[in-house]
There are 2 protein chains.
Amino acid sequence: MTNEQARLQFIERMGQQAANDGLTRSAGQIWAALLLSDEMMSSAELAELLQITKGSISTNVRTLETLHIVERRFKPGDRQDYYAIQENPYTALVEGQIRRFDNANKIVAEALDGVRGGSAQVKLTELARFYQLYQQSAVGLLAAMKADPEPGSS
Amino acid sequence: MTNEQARLQFIERMGQQAANDGLTRSAGQIWAALLLSDEMMSSAELAELLQITKGSISTNVRTLETLHIVERRFKPGDRQDYYAIQENPYTALVEGQIRRFDNANKIVAEALDGVRGGSAQVKLTELARFYQLYQQSAVGLLAAMKADPEPGSS
DNA sequence: TTCAACGTTTAATATGTGCTGAACAATCGC
DNA sequence: GCGATTGTTCAGCACATATTAAACGTTGAA
């Protein structure tokens, strides 16, 4: 398999994977393209490479920005916006997951407050325990990632 | 808030949460209803409580079965199928997540094999490292859950 | 055998969502 | 100011998916 084929395949697979994780296929493809690129890329370049309209690039890049995966950069004297992968993109993802566990914990805690009944209490407590363990695990992961920042060569 | 209101609210919220996690709203509602119920429930009971047709109950219960969250039970001399939450429903969820990380790792590993180019190698290695750390975290969580099986009272 | 009850499957419908293409706003060079 | 370039927004369309309603197969009782 040529270098080019490997790149296109990776872009396609990241698109599929993103679509399974709540993002859009285009967002995953943009992510992959920026991972593979040595330089930051303009939206025109992304649109040409991925065969996506600039409108879709705009919206998808915005969601990747809010997820702190992609950041917008500028070249002096150049009106175009450029995009690149952020410095530590994955800590933000784990932090987002932790926030979601917070929400889940709230739901279960409120249910435990208001619901009476024998085995329901038991099973809700099990569910709450699961969410708490999962959250602790995510917090530990985040700490490990921050302790070992994988200092990006450059 | 009455006991009944708290139950309905929990069912509704679990439905929303499930819809955000790749399941359907109905699947989340069935899950919640079985969590709250002291006894196992028939599909007729579920359909009546959740206002869902028996067809939808059938398909959604099947997906919950394949996820090892719900199991099908029978009463002697009763032709109806009954459903209940499985014994340790959450270990199976973590195991599923671990399998998904396996897949992600494969994608990145193959990309690392085939892609040449300066910073791409670095960033792909970072991504691989992230997936590996995340997977280790999930494996640790699974071990913790199995070590502390939260022996369901009864 | 016949009928009733139950679970499954499937076609049709409804609903949500992503993408496109065009209109719009903003900015820079001339 | 004017035209060109760029990013954003939005209506319309296309597609995927969940739900329903009905048909079907199966099973058990009379």
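Letters A, B, ... are given to chains in the order of the sequence lines, protein chains preceding strands, and every chain is numbered from 1.
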For the pair [X] (side chain) and [Y] (backbone), establish whether a donor and an acceptor sit closer than 3.5 Å, ignoring hydrogens and angles.
{"X": "B/Lys123", "Y": "A/Leu34", "result": "yes"}
{"X": "B/Arg73", "Y": "B/Met40", "result": "no"}
{"X": "A/Asp78", "Y": "A/Gln80", "result": "yes"}
{"X": "B/Arg13", "Y": "B/Ile11", "result": "no"}

Apply salt bridge (Lys or Arg N to Asp or Glu O under 4.0 Å) to A/Glu95 and A/Lys146, showing your working.
CA-CA 12 Å; A/Glu95 285 165 355; A/Lys146 285 186 172 169; 3.4 Å; yes
In this structure, how many angstroms lie between the [atom2] atom of [N] and the [atom1] atom of [X], rounded?
{"X": "A/Ile57", "N": "C/dG21", "atom1": "CD1", "atom2": "C1'", "result": "15 Å"}
{"X": "B/Gln29", "N": "D/dA18", "atom1": "CD", "atom2": "P", "result": "14 Å"}
{"X": "A/Glu45", "N": "D/dT6", "atom1": "CD", "atom2": "P", "result": "11 Å"}
{"X": "A/Asp81", "N": "D/dT8", "atom1": "CG", "atom2": "C1'", "result": "11 Å"}
{"X": "A/Arg25", "N": "C/dC19", "atom1": "CZ", "atom2": "P", "result": "8 Å"}
{"X": "B/Gln80", "N": "C/dA4", "atom1": "CD", "atom2": "C1'", "result": "13 Å"}
{"X": "A/Gln16", "N": "C/dG18", "atom1": "CD", "atom2": "C1'", "result": "16 Å"}
{"X": "A/Phe74", "N": "D/dG7", "atom1": "CZ", "atom2": "P", "result": "9 Å"}

Quick one: is B/Ser26 getting a side-chain N or O under 4.0 Å of the D/dT19 phosphate, OP1 or OP2?
yes
Check the phosphate of C/dG7 against B/Ser43, side-chain N and O only, distance under 4.0 Å to OP1 or OP2. Yes or no?
yes
Any N or O donor-acceptor pair linking the side chain of A/Arg79 to the base of D/dT6 at under 3.5 Å?
no
Would you indicate which nucleotide in C/dC19, D/dT6, D/dT19 comes nearest to any side-chain atom of B/Asn60?
D/dT19
Please determine, for the side chain of A/Ile52, which listed nucleotide (C/dT20, D/dG7, C/dG7) has the closest atom?
C/dT20
Please tabulate the protein-to-nucleotide N/O contacts below 3.5 Å involving nucleotides 9-15 of chain C, giving atom names and distances.
{"unit_1": "C/dT9", "atom_1": "OP2", "unit_2": "B/Arg62", "atom_2": "NH1", "d": "3.4"}

Which part of the nucleic acid, if any, lies within contact of A/Ser42, taking any heavy atom under 4.0 Å across all strands shown: a base, the sugar-phosphate backbone alone, or nothing?
nothing
Let me know which of B/Arg62, B/Arg72, B/Lys54 forms a salt bridge (Lys or Arg N to Asp or Glu O under 4.0 Å) with B/Asp81.
B/Arg72
Please determine whether residues A/Phe130 and B/Val139 belong to a single hydrophobic cluster, defined as Ile, Leu, Val, Met, Phe, Trp and Tyr linked transitively by side-chain heavy-atom distances below 4.5 Å.
yes
